[in-house]
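Worksheet for the structure shown next.
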Amino acid sequence: MAPFRPVDASFFELPTLELARALLGMALVKETEEGIAAGWIVETEAYIGPHDRAAHSYGGRRTPRTEVMYGPPGHAYTYLMHTHCLMNVVSGKPGHPEAILIRSVEPCAGVGLMYKRRGPVKKERDLTSGPGKLTKALGITIRDYGRPLFLAPLYVAEGRPVREIGTGPRIGIDNAGEAKDYPWRFWEKGNPFVSR
DNA sequence: AAGTGGATTGGCT
DNA sequence: GCCAATCCACTTG
């Protein structure tokens, strides 16, 4: 039996702030030759188009890096941050460069593989409690750029219920002017894998 | 062609 | 708490 089945492409057609909440509790799955690894999404951040100073698409910036944000929703926007790869879910209608950063997940399959990829960690919590950590644990890389998230090998799948959702400002964008205070970060309250 | 600065992490003080 | 790691997109000349 297949433990995970990808969502339909239409799942991603929600408005970005709604999709950012809807993604909580869903499974993020990556299949590789090493095996399958997956986590329940427990923390997201929305980045909304040309008027969001914290977004890479701020001001309508359109470059090879941001190009995927201008396409249809439900594709992967991966990019490098210092020594790490971060992953977003493209959202919004074509022409609207919006995306949702996956900030943390709770391991739900392939935990052994995650330990192998992450190297020594003090606690299980350290496996996936941050945007750079979870991509390494799941084996998500810059080569996943542009991939549809409703088909193997990288996809969102039906998840489990979320009791209560917390809301607050996004992390690491202190230089984004007034946008730094927008309450566009969402997390599952009480979940220990939330980055902070 | 060279300089600047990150949507981060982990190790050390 | 501070800071190096390490790379590349983007800006400026």
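Numbers restart at 1 for each chain; the letters A, B, ... are given by sequence-line order, proteins then strands.
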Is there a side-chain contact between A:Glu124 and A:Tyr115, using heavy atoms and a 4.5 Å cut-off?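 Result yes, sub-4.5 Å side-chain heavy-atom pair found.
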[X] [atom1] - [N] [atom2] separation (whole Å):
| X | N | atom1 | atom2 | value |
| --- | --- | --- | --- | --- |
| A:Arg62 | C:dC10 | CZ | P | 13 Å |
| A:Leu80 | C:dC10 | CG | C1' | 15 Å |
| A:His84 | C:dC8 | NE2 | P | 14 Å |
| A:Arg103 | B:dA7 | CZ | P | 11 Å |
| A:Ile142 | B:dG6 | CD1 | C1' | 14 Å |
| A:Tyr77 | B:dA7 | OH | C1' | 9 Å |
| A:Met81 | C:dA5 | CE | P | 16 Å |
| A:Arg125 | B:dT9 | CZ | P | 11 Å |

Winner on side-chain proximity to A:Arg65, out of C:dA9, B:dG10, B:dA7, is C:dA9
Closest to the side chain of A:Pro131, out of B:dT9, B:dA7, C:dC7, is B:dT9
When we call it a touch if two heavy atoms are under 4.0 Å apart, what does [X] touch: a base, just sugar-phosphate, or nothing?
| X | value |
| --- | --- |
| A:Arg170 | nothing |
| A:Thr63 | sugar-phosphate |
| A:Leu86 | sugar-phosphate |
| A:Arg118 | sugar-phosphate |
| A:Asn88 | base |

| Judged by atom type as modelled, is there a donor-acceptor pair below 3.5 Å linking the side chain of A:Lys30 to the main-chain atoms of A:Gly139? |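 Confirmed, A:Lys30 side chain pairs with A:Gly139 backbone.
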Taking a pair to mean Watson-Crick or G-U wobble geometry with both distances below 3.5 Å, C:dT6 pairs with none
Taking a pair to mean Watson-Crick or G-U wobble geometry with both distances below 3.5 Å, B:dA7 pairs with none
Less than 6.0 angstrom separating the ring centers of A:Tyr79 and A:His56, yes or no?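 Ring-ring flag for A:Tyr79/A:His56: true, centres closer than 6.0 Å.
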*Looking only at N and O atoms, is any donor in the side chain of A:Tyr79 or the base of C:dA9 less than 3.5 Å from an acceptor on the other one?*
no
**Asked** Can you find a donor-acceptor N/O pair under 3.5 angstrom joining the side chain of A:His56 to the base of B:dA7?
**Response** yes
inquiry  = Taking the C1' atom in each of C:dC3 and B:dG5, what is the distance between them to the nearest angstrom?
reply    = 15 Å
Any donor-acceptor N or O pair under 3.5 Å, side chains A:Thr128, A:Glu106: no
* Going by distance alone, is a donor N or O of one side chain under 3.5 Å from an acceptor N or O of the other, for A:Thr44 and A:Arg170? -> no
Practice prompt. Return no unless some side-chain N or O of A:Arg61 is found under 4.0 Å from OP1 or OP2 of C:dA9.
Written response: no
### Message
Tell me whether the rings of A:Tyr145 and A:Tyr77 are parallel (<30°), tilted (30 to 60°) or perpendicular (>60°).
### Response
perpendicular
